[in-house]
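Heads up, the thing below is written out as structure tokens.
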Amino acid sequence: MKSRSREGNTRFRLVLTLGLAVVLPALALIVVSFQHVKSIQRNKKVEAIIHRDFQYVLSTSAKKISSKAVELADQARACFPSENDSDDEKRKKFELLLQNSPWVSQVVLFDARKGVVFESQPGSMSEKEITDANKMYSGWLGLEGSFLVGQMRKKNKPMTWFSGESVTPNGPVYVTTAVFSMPEASGEHPILGVVSFDSKYLKEKFFPELLTELTSQKFSGDPGGDEQALHELSPQESEHQDERLAIEVYPADAQKGEPDRPLAVSPGWSGGKPEVNYTLDDPFRGLALGIRFQGTTAEAIGRRFVVQSFLILGVLSLLMIGGLVLTYRSVNKQVALARLKSDFVSNVSHELRTPLALIRLYAETLELGRINTAEKKNEYYSIIRKESERLTALINNILDFSRIEAGAKEYDFRETDIAELVRTTLDSYRFQIEQQGFALEEQIDPGIPAVTVDREAIARALVNLVNNALKYSDSEKFLAVRLYRDKSLLKLEVSDRGIGIERHEQTRIFDKFYRTCDPLVHNTKGSGLGLSLVRHITHAHGGNVEVESTPGRGSKFTLSLPLAQQPGSA
Ligand code: ADP
């Protein structure tokens with residue numbers, strides 16, 4: 001009773017330690033992670049981070065687009081004629097400029113004193129349109145030229161831009177025009193240069209090429225910006241960085257009325273609404289950029305992340321529960337083994353003490369010379385011999401067991417007449433068997449060939465099985481030993497009609513220290529080592545041991561040893 005409660009305490013302490021040291025922290029971690037993922041789901045954090053990154057990508061893209069346009073305008077400006085050139089020279093320079101700059105649709109040099117020199121791409125305008133354009137420029141710049149120069153000086157900007165949609169017979173087109181003051185210009189006599197971008201070039205080349213370049217790399221988020229926020233999330237939460245982007249350019253004011261009229265789109269833009277917009281400033285005032293992922297949305301990525309995280313947490317929880325169950329079972333096993341060991345020590349001490357006490361008692365009685373009859377004396381001698389044999393058998397079992405445990409057990413295999421070995425072993429026990437009231441049925445088939453075995457070990461296995469049959473029989477005292485050949489196997493069977501063994505215990509009885517729960521077993525002396533030795537011995541001979549048993553009806557143990565195969569040493 002005491003040992004059971006100590007065992008319970010040990011188990012409780014182990015489970016408590018396990019709970020406090022491992023399970024609680026792991027559980028807390030899982031719960032906190034679960035809450036974290038829940039809050040990410042609730043506050044749409046993944047989407048928010050993606051949208052913020054989108055905003056960053058669009059702002060840098062807008063900067064690149066505008067600096068590219070300014071660069072082109074600067075290139076054109078560098079090729080402008082000077083005010084001192086003759087009108088012919090000016091035209092020639094303009095023609096060359098237009099020829100080399102396909103992005104330019106019109107160029108104008110306005111000199112307040114000398115008037116307007118206008119040139120457009122050859123064949124792009126009718127005579128009338130050219131005359132109208134000339135008039136328009138001289139009227140507009142004549143009126144506002146000085147003001148424009150003053151404005152540019154004031155703002156310290158070399159250029160000013162006029163952009164927007166203009167309606168043509170083919171529908172609305174987007175144009176942008178750079179106006180800059182020439183170095184010779186003064187406040188009273190402004191000299192201005194004008195470069196108009198070709199709307200077709202913008203739509204078909206300028207924007208598509210830039211957008212392709214801008215979306216050619218995988219999305220890498222905001223490197224210089226709010227990195228802290230990015231790192232708040234785990235690597236999977238930033239997994240959107242592997243997605244490809246698609247960007248469109250569209251008229252900013254058309255967005256409300258007609259959202260699906262992009263001016264240009266990057267490859268992979270499959271229509272639909274952009275997730276984030278960015279309104280462009282000069283030189284493309286009136287346009288906006290829109291961004292989204294190719295083939296997915298920030299919401300889908302957020303959803304995927306949440307599902308993945310929950311799955312991972314689920315798997316982790318299952319692993320933890322699995323680990324817990326395994327640990328609990330192994331703790332139970334260890335505790336049970338510790339109990340078996342302590343039972344073993346008390347069983348063995350008891351087993352040693354009883355024969356020793358008997359030997360001592362009978363030896364002392366004989367010594368005192370009080371026994372007179374030879375018959376009585378013989379009885380006492382035989383008791384002393386039997387008890388010392390029992391002691392020897394027990395000590396041999398223990399020694400064998402300790403050798404096996406240390407891996408030092410060696411077998412001495414020799415060619416043996418096993419029928420003779422079984423017979424002589426039984427003969428030395430016959431008296432004891434019969435004295436205990438057992439009917440012994442011995443059946444040894446003739447013509448059993450010689451086998452290579454360790455005589456002593458096989459005899460010990462047989463003695464252990466016979467002893468068990470004697471110990472674990474109550475009402476019906478019957479013991480049968482059979483030796484026969486079954487194909488290539490030699491079978492040694494020991495059966496009894498004793499208490500039998502429950503089915504669930506039939507494999508465990510071969511474990512060291514194991515004894516069944518039957519009350520008769522507990523009232524019988526034993527160490528729980530016999531069958532584990534029997535199993536070890538048969539395995540060492542390349543054989544096997546099996547049990548068939550019905551509780552209350554008896555048991556049959558069968559050793560199978562191979563006839564042909566030479567056994568190996570264990
Ligand atoms: P021990 O007999 O010293 O307890 P063993 O290893 O020989 O140890 O046997 C292990 C257990 O198997 C026994 O305690 C008993 O419960 C059970 N057992 C062995 N042989 C028999 C048998 N012939 N009939 C019923 N139970 C048996």
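Note that these values count all heavy atoms, side chains included, but never hydrogens, waters or copies made by symmetry. Atoms within each ligand, like the ligands themselves, are counted from 1 in listed order. Just so you know, these numbers come straight off a predicted model, no measurement behind them.
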- Would you find more than 12 non-hydrogen atoms of other residues, nucleotides or ligands less than 6.0 Å from Arg430 atom CZ? yes
- Selection from Val547, Thr524, Asn397, Leu531 by shortest heavy-atom distance to atom 5 (P) of ligand 1: Leu531
- Note on the structure: atom 4 (O) of ligand 1 has as its nearest protein heavy atom Arg515 NE, 2.5 Å
- Do Tyr429 and Phe438 have their ring centres less than 6.0 Å from each other? no
- Would you call Phe557 a ligand 1 contact, heavy-atom distance under 4.0 Å? yes
- Taking 4.0 angstrom as the limit, do Glu389 and Lys386 come out as a salt bridge? no
- Identity and separation of the nearest protein heavy atom to atom 12 (O) of ligand 1: Ile509 CG2, 3.3 Å
- Task: Give a yes/no verdict on a cation-pi contact between Arg535 and Phe510, requiring under 6.0 Å between NZ or CZ and the six-membered ring centre and an angle within 45° of the axis.
- Result: no
- Message: Considering non-hydrogen atoms of the protein only, which is the closest contact for atom 11 (C) of ligand 1, and what is the distance?
- Response: Tyr514 O, 3.7 Å
- Among Asn468, Leu465, Val521, Leu394, whose heavy atom sits nearest atom 7 (O) of ligand 1? Asn468
- Item | Proximity of Tyr278 and Tyr56 rings by center, below 6.0 Å | no
- Task: For this output row, return yes or no: ring centroids of Phe413 and His541 closer than 6.0 angstrom.
- Result: yes
- Message: To check your reading of the model: name the closest protein heavy atom to atom 26 (N) of ligand 1, its residue, and the distance in Å.
- Response: Ile501 CG1, 3.4 Å
- Identity and distance of the protein heavy atom lying nearest atom 3 (O) of ligand 1: Ser527 N, 2.8 Å
- Query: Looking at Leu529, which atoms of ligand 1 are within less than 4.0 Å of one of its heavy atoms?
  - Reply: 6 (O), 8 (O)
- Message: I need the nearest protein heavy-atom contact for atom 16 (O) of ligand 1: residue, atom name and distance, please.
- Response: Thr516 OG1, 2.6 Å
- Message: Just to check, does Ser555 reach to within less than 4.0 Å of ligand 1 when the distance is taken from its heavy atoms?
- Response: yes
- Ring centroid separation Phe34 to Phe310 under 6.0 Å: yes
- Ranked by distance from atom 2 (O) of ligand 1, the top protein heavy atom is Tyr472 OH, 2.7 Å
- For atom 23 (N) of ligand 1, what's the nearest protein heavy atom and its distance? Asp496 OD2, 2.9 Å
- Query: Any side-chain heavy atom of His51 within less than 4.5 Å of one from Glu275?
  - Reply: yes
- At under 4.0 Å between heavy atoms, what of Lys471 touches ligand 1? The answer is side chain
- Message: A cation-pi test, strictly: NZ or CZ of Lys409 under 6.0 Å from the centre of the six-membered ring of Tyr411 and no more than 45 degrees from its axis. Yes or no?
- Response: yes
